[in-house]
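In what follows, chains carry the letters A, B, and so on, assigned in the order in which the sequence lines appear, proteins first and then strands, with residues in each chain numbered from 1.
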Number of protein chains: 2
Amino acid sequence: MSVEPDEAMVCTAMGDILNRIGDKWSVMVVGRLKGGTMRFSELRRAIDGVSQRMLTLTLRNLERDGLVTRTVYPEIPPRVEYALTELGQTLTGPIGALWDWAAEHQDAISQSRTSYDRAQMMAHEPIRRRA
Amino acid sequence: MSVEPDEAMVCTAMGDILNRIGDKWSVMVVGRLKGGTMRFSELRRAIDGVSQRMLTLTLRNLERDGLVTRTVYPEIPPRVEYALTELGQTLTGPIGALWDWAAEHQDAISQSRTSYDRAQMMAHEPIRRRA
DNA sequence: CAGGATCCAAATAGATACTG
DNA sequence: CAGTATCTATTTGGATCCTG
């Protein structure tokens, strides 16, 4: 299962895909839909911070990529339900791994950031004797 | 290993981390450094399409997050080597999983995109009888 | 309810020129 | 060689208004 084909081709296509599946909102949506079908407004409320526009765009892209299905019920008021496709389901594995990694190491990362920033400060505001 | 703590907090911190590790160039760099230490210009050539500025920024961020080390050799001409830290090494697992997923399903995705786009065309340029 | 359309502010990326 | 600094072009995202 190694990945070694033609470098350039893979990298551009891959960057393309990674941009989508590594996207913040996409990850959130997939994470949410993992639990089952959801309506637009449910997702909007569940995902905290997402704007209507971004949620719409994210869902459209995921649909376009074949990762989620969009089902419109011709009622009034309208109801639209989103769910993961089989392909989308297979993504929850890798995404979950990344998620777990982030959860596990977020403390280490934020500590690293703090000390890095402190070191930068030192380098730029060097001498400061007394006040 | 499940992840269920306070939703909002986790999501914002997580989105932050995911933006970094899901970033196109970061993934490329980590993928490259997996094979061992590399110099700046080696990375630049290896990563096809990355600008000098983006590579610099990416490497700085990865360094700040404690994922790569930056070693400067005070020579002329200067030599700078980058390598994964232990923390960085642990990322290669999840990243690899994502990479493999993308490699495995990129055909399905691009097909899905094509048919989605074709369907969109149909919907917007509906009737077109003869020429 | 579930968006589409529009406007605008901010973040981001590329190209270019310069430096120790 | 390995950057930094700067300028600009493009992308992105939020806010707002409107509709079936």
Under the side chain to side chain donor-acceptor pair (under 3.5 Å) test, which residues partner B/Thr90, sequence neighbours left out?
-> A/Trp101
Inter-residue atom distance A/Gln120.CD - A/Arg113.CZ, 0.5 Å rounding | 14.5 Å
Who passes ring-ring contact (aromatic ring centres under 6.0 Å, His included) against A/Trp25, sequence neighbours left out?
-> none
In a table with atom names and distances, give each donor-acceptor pair under 3.5 Å that connects a side chain of residues 53-61 of chain B to protein atoms at least two apart or in another chain.
unit_1, atom_1, unit_2, atom_2, d
B/Thr56, OG1, B/Gln52, O, 2.9
B/Thr58, OG1, B/Met54, O, 2.7
B/Asn61, ND2, B/Leu57, O, 3.4

Nearest-nucleotide wise, let me know which of B/Glu81 and A/Trp25 is further upstream toward the 5' end of DNA chain D.
-> B/Glu81
Using heavy atoms and a sub-4.0 Å distance, could you list which residues of residues 56-80 of chain A are near DNA chain C? By number, please.
-> A/Thr56, A/Arg60, A/Arg70, A/Pro77, A/Pro78, A/Val80
Given C/dA2, is OP1 or OP2 found less than 4.0 Å from the side-chain N or O atoms of A/Ser41?
-> yes
Identify, with sequence neighbours excluded, every residue that meets salt bridge (Lys or Arg N to Asp or Glu O under 4.0 Å) alongside B/Arg64.
-> A/Asp117
What pairs with B/Thr85 under side-chain contact (heavy atoms from CB on, under 4.5 Å), at least two apart in sequence or on another chain?
-> B/Thr69, B/Leu87
Assign a letter to each nucleotide of nucleotides 7-12 of chain C from its 5' end: B, base within under 4.0 Å of a protein heavy atom; S, sugar-phosphate only; -, no contact.
-> ------
Checking all strands, does B/Arg39 fall into the base, sugar-phosphate, or nothing category for heavy-atom contacts under 4.0 angstrom?
-> sugar-phosphate
What residues, two or more places apart in sequence or in another chain, satisfy salt bridge (Lys or Arg N to Asp or Glu O under 4.0 Å) together with A/Arg20?
-> A/Asp65
Partner residues of B/Ser110 under the side-chain contact (heavy atoms from CB on, under 4.5 Å) criterion, sequence neighbours left out | none
Taking atom C1' of C/dA13 as reference, at what distance in whole Å does atom CE of B/Met28 sit?
-> 15 Å
From A/Glu42 atom CD to A/Tyr82 atom OH, the distance as rounded to the nearest 0.5 Å = 12.0 Å
Inter- and intrachain pairs under salt bridge (charged side-chain N to carboxylate O under 4.0 Å, His left out), touching residues 81-99 of chain A, at least two apart = A/Arg79-A/Glu81
CD of B/Gln52 versus C1' of C/dA17: gap in Å, rounded?
-> 11 Å
Hey, where on DNA chain D does chain A first and last touch, going 5' to 3'? Cut-off is any atom under 4.0 Å from a heavy atom.
-> D/dG13 to D/dG20
Mind checking side-chain contact (heavy atoms from CB on, under 4.5 Å) for B/Ile95 and listing every partner two or more places apart, or none if nothing turns up?
-> B/Val27, B/Leu91
